[in-house]
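Since this is a predicted model, take the numbers as computed values, not measurements.
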Amino acid sequence: MENNQKYALITGATSGIGYELAQLFAQDGYNLVIVARGESELNAKKAELESSGIEVITLAKDLSIREEVFALCEEIQIKNIQIDVLVNDAGQGQYGLFSDTDIKRELEIIDLNVAAVVILSKHFVKEMKARGEGKILNLASIASKTPGPWQSIYHATKAFVISFSEALRSELEDTGITVTALMPGVTDTDFFNKASMQDSKAVQDKEAMADPADVAKAGYEALMGGNDKVISGFKNKMQVGLTNMMPDSTVAGQVKTQQEPVHTPVKDPN
């Protein structure tokens, strides 16, 4: 594919949905700025993606640290790279009851899932608005539509992402900038390992998990079509439709049952 001289910035681009999105952009001739924490992983993906004949710039940043997000914006500005498409894909969760989980880890997740999205969007929206064009894809989740017992912080951050995306899209109407939210369900990525969620009932059926390539394709097509959001997968569309008709308390109870551990944790008698 001939290089079209446009650049897409993708966070969380070395695995899962982020990497599948990077491949789709590369196939369409977009140059890439890919961001993740691991430099060795970035370099490996750079070599793979450059086989499409495009330029790939790697930037190793920990986006759960706000100073590194601002540094990312500054570095791209210094390199004089025009970002035509911003993809906020990076995100993590933590499994467990809120009373038992680590607050420092939860604040890191809030900074990654929420603050990084806000900082990057703020920076690049200003540049896009000055040019009168641009695209943003935010990775939300069907978790954004339900309370999330056993993943209370993750669900809440994704509720922020969907609300923020819809508000920003409305503000940017008629500016030439589109904002799209991608809402997958349970997807076969490393997310659940990182969240220490292997014991959850929700992830026991590996065959029911969505293919990240299919999720990325749905998001990419929605982004390029200028759509406001897309729920990937028929089953997920049905689930969101049903939960929209039920009281939040009922939905919370259902999600609690779905996400609780396969084996009930044994309480320490001491």
Identify the two heavy atoms, one from [X] and one from [Y], that lie closest to each other, and give their separation to 0.1 Å.
X	Y	value
Leu21	Ile10	C-CD1, 4.2 Å
Met128	Ile83	CE-O, 3.8 Å
Val230	Gly219	CG1-CA, 4.1 Å
Lys46	Val56	NZ-O, 2.6 Å
Ala90	Thr11	N-OG1, 3.0 Å
Cys73	Leu120	SG-CD2, 3.7 Å

Pairing of Glu41 and Lys45 as salt bridge, 4.0 angstrom limit: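 No, Glu41 and Lys45 are not salt-bridged.
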Expected output: side-chain [X] to main-chain [Y] donor-acceptor under 3.5 Å:
X	Y	value
Glu68	Lys61	no
Ser170	Ala167	no
His155	Ala143	yes
Asn138	Ala140	no
Lys158	Ile153	no
Arg169	Phe164	no
Ser165	Val161	yes
Asp62	Ser64	yes
Thr157	Tyr154	yes

Please check if the number of heavy atoms outside [X] that lie under 6.0 Å from its [atom1] is greater than 12.
X	atom1	result
Lys217	NZ	no
Glu48	CD	yes
Gln82	CD	yes
Arg131	CZ	yes
Phe160	CZ	yes

Stepwise ring pair (Phe, Tyr, Trp, His ring centres under 6.0 Å) check, Phe25 with Tyr220: CA-CA 8 Å; Phe25 278 103; Tyr220 189 78; 4.8 Å; yes
Do [X] and [Y] touch side chain to side chain, with heavy atoms closer than 4.5 Å?
X	Y	value
Ile57	Leu32	no
Ile136	Val125	yes
Glu133	Ile177	no
Lys79	Leu59	yes
Lys229	Leu182	no
Gln27	Leu24	yes
Ile54	Tyr30	no
Thr180	Asp228	no

Pair Lys104-Glu108, salt bridge (Lys or Arg N to Asp or Glu O under 4.0 Å): steps then yes or no: CA-CA 6 Å; Lys104 290 184 178 179; Glu108 288 177 353; over 6 Å; no
side-chain contact (heavy atoms from CB on, under 4.5 Å) assessment of Leu137 paired with Leu86: CA-CA 6 Å; Leu137 178 64; Leu86 169 63; over 6 Å; no
Pair Val87-Lys135, side-chain contact (heavy atoms from CB on, under 4.5 Å): steps then yes or no: CA-CA 8 Å; Val87 179; Lys135 294 181 181 296; over 6 Å; no
Report the distance from atom [atom1] of [X] to atom [atom2] of [Y], rounding to the nearest 0.5 Å.
X	Y	atom1	atom2	result
Leu139	Asn113	CG	CG	9.5 Å
Ile76	Glu127	CD1	CD	8.5 Å
Tyr19	Thr14	OH	OG1	10.0 Å
Phe98	Glu106	CZ	CD	5.5 Å
Thr178	Met224	OG1	CE	9.0 Å
Met183	Ile231	CE	CD1	4.5 Å

Ile65 with Val117, same ILVMFWY side-chain cluster at under 4.5 Å: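 The answer is no; the residues belong to distinct hydrophobic clusters.
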Joint cluster assignment, Ile103 & Ile110, ILVMFWY side-chain distance < 4.5 Å: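 Yes, because Ile103 and Ile110 connect within a single hydrophobic cluster, where side-chain heavy atoms sit under 4.5 Å apart.
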Steps toward side-chain contact (heavy atoms from CB on, under 4.5 Å) verdict (Val33, Thr58): CA-CA 6 Å; Val33 178; Thr58 63; over 6 Å; no
Test log, rule side-chain contact (heavy atoms from CB on, under 4.5 Å), inputs Gln77 and His123: CA-CA 10 Å; Gln77 198 164 20; His123 179 83; 3.7 Å; yes
